[in-house]
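Shown next, in structure tokens, is the structure this report addresses.
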There are 2 protein chains.
Amino acid sequence: MSVKKKSNKKLSEPQLQRASMLFATLSEPSRLRLLQALQEGSLSVGELVEVTGLSQANVSKHLTVLHGARLVKKSRAGVFVNYELADSVVDQLCGLVCAKMERDLAEEARALNG
Amino acid sequence: MSVKKKSNKKLSEPQLQRASMLFATLSEPSRLRLLQALQEGSLSVGELVEVTGLSQANVSKHLTVLHGARLVKKSRAGVFVNYELADSVVDQLCGLVCAKMERDLAEEARALNG
DNA sequence: TTGACATATTACTGATTAGTTATATCGTTA
DNA sequence: TAACGATATAACTAATCAGTAATATGTCAA
């Protein structure tokens, strides 16, 4: 009994605060869309506007948030500012979340069929 | 050039919506506190109130959200309702987030020292 | 049934924030 | 310098939501 899995990380209160902020950063569909777009590689603000269909001001604001969370890096190229993914954690988190969504769907299907 | 990492998952729009909802669920410090408390094992609502210091109504509401996201399971034991973690994804996500926070701290320290 | 206790729900309030519009800033070229 | 195009910021609005207080629901015991 009481078989423990591996990690079981205990987070301190400040760690917990920071963690919640990172999750909040990822809780906006528009920001996830931007991160998805950047998985192809580096893109300028204008290109991100085109790809996502969001307004320029909106994209810029979201990029500021993502940059503040150190999830993207920016670099000027003349008049343009290019953004790219700064941390592989986005990929990893999305992988875990996708796996969970599939588990949930399977369970829902099972619940329906009985 | 163009060395690709592994996954690079592309999420569909509905997947993206669901993912953002899961992240939103985890973006509240109080809910993370509850999940942390449940890492010890199954706890009743009253015990969670004691451990976290949150109000009874507040804990109950957060547990409803966590249950809706299938992150916790509930089971009645007489007058009590016991909650326990329902998905290891919480542990895994927290692990990734903690690792990133440590990377960020290291980078900030490096930035300060020059 | 009634009373006592554990949990859930409702109605409300204050705070946060995504998106928009308008404007400001920055870099380049003429 | 001035004019332009790309990006960032400011002010605002509407919607969302955590927390609280009060109440409802549910379970057991007498």
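Every chain is numbered from 1 and lettered A, B, ... according to where its sequence line falls, protein lines coming before strand lines.
Between Arg70(A) and Glu108(B) a salt bridge is recorded (basic side-chain N to carboxylate O distance below 4.0 Å). Salt bridge status for Glu28(A) with Arg33(A): absent, with no side-chain N to carboxylate O gap under 4.0 Å. We find that Lys74(A) and Glu84(A) are not joined by a salt bridge, their nearest charged nitrogen and carboxylate oxygen being 4.0 Å or further apart.
Summarising the geometry, the separation between CZ on Phe80(B) and P on dT27(D) is reported as 14 Å, rounded to the nearest angstrom. Rounded to whole Å, atom P of dA18(C) lies 10 Å from atom CG of Leu66(A). Rounded to whole Å, the distance from CG on Asn58(A) to C1' on dA14(D) is 14 Å. Leu63(A) places its CG atom 13 Å from the P atom of dA18(C), with the value rounded to the nearest Å. Counting to the nearest Å, the P atom of dT7(C) and the OH atom of Tyr83(B) are 9 Å from each other. Between the NZ atom of Lys74(A) and the P atom of dT25(C) there is a distance of 16 Å, given to the nearest Å.
At least one donor-acceptor pair closer than 3.5 Å links the side chain of Glu47(A) to the backbone N or O of Ser44(A).
In this structure, Val79(B) reaches the bases: a heavy-atom distance under 4.0 Å links it to at least one base atom across the strands shown. Looking at heavy-atom distances under 4.0 Å, Glu28(B) makes contact with sugar-phosphate atoms alone, never a base.
Looking at the side chain of Ser44(A), the nearest of the listed nucleotides dT20(D), dT27(D), dT7(D) is dT7(D).
Evaluation of atom-type donor-acceptor distances gives no pair under 3.5 Å for the side chain of Gln56(B) against the base of dA6(C).
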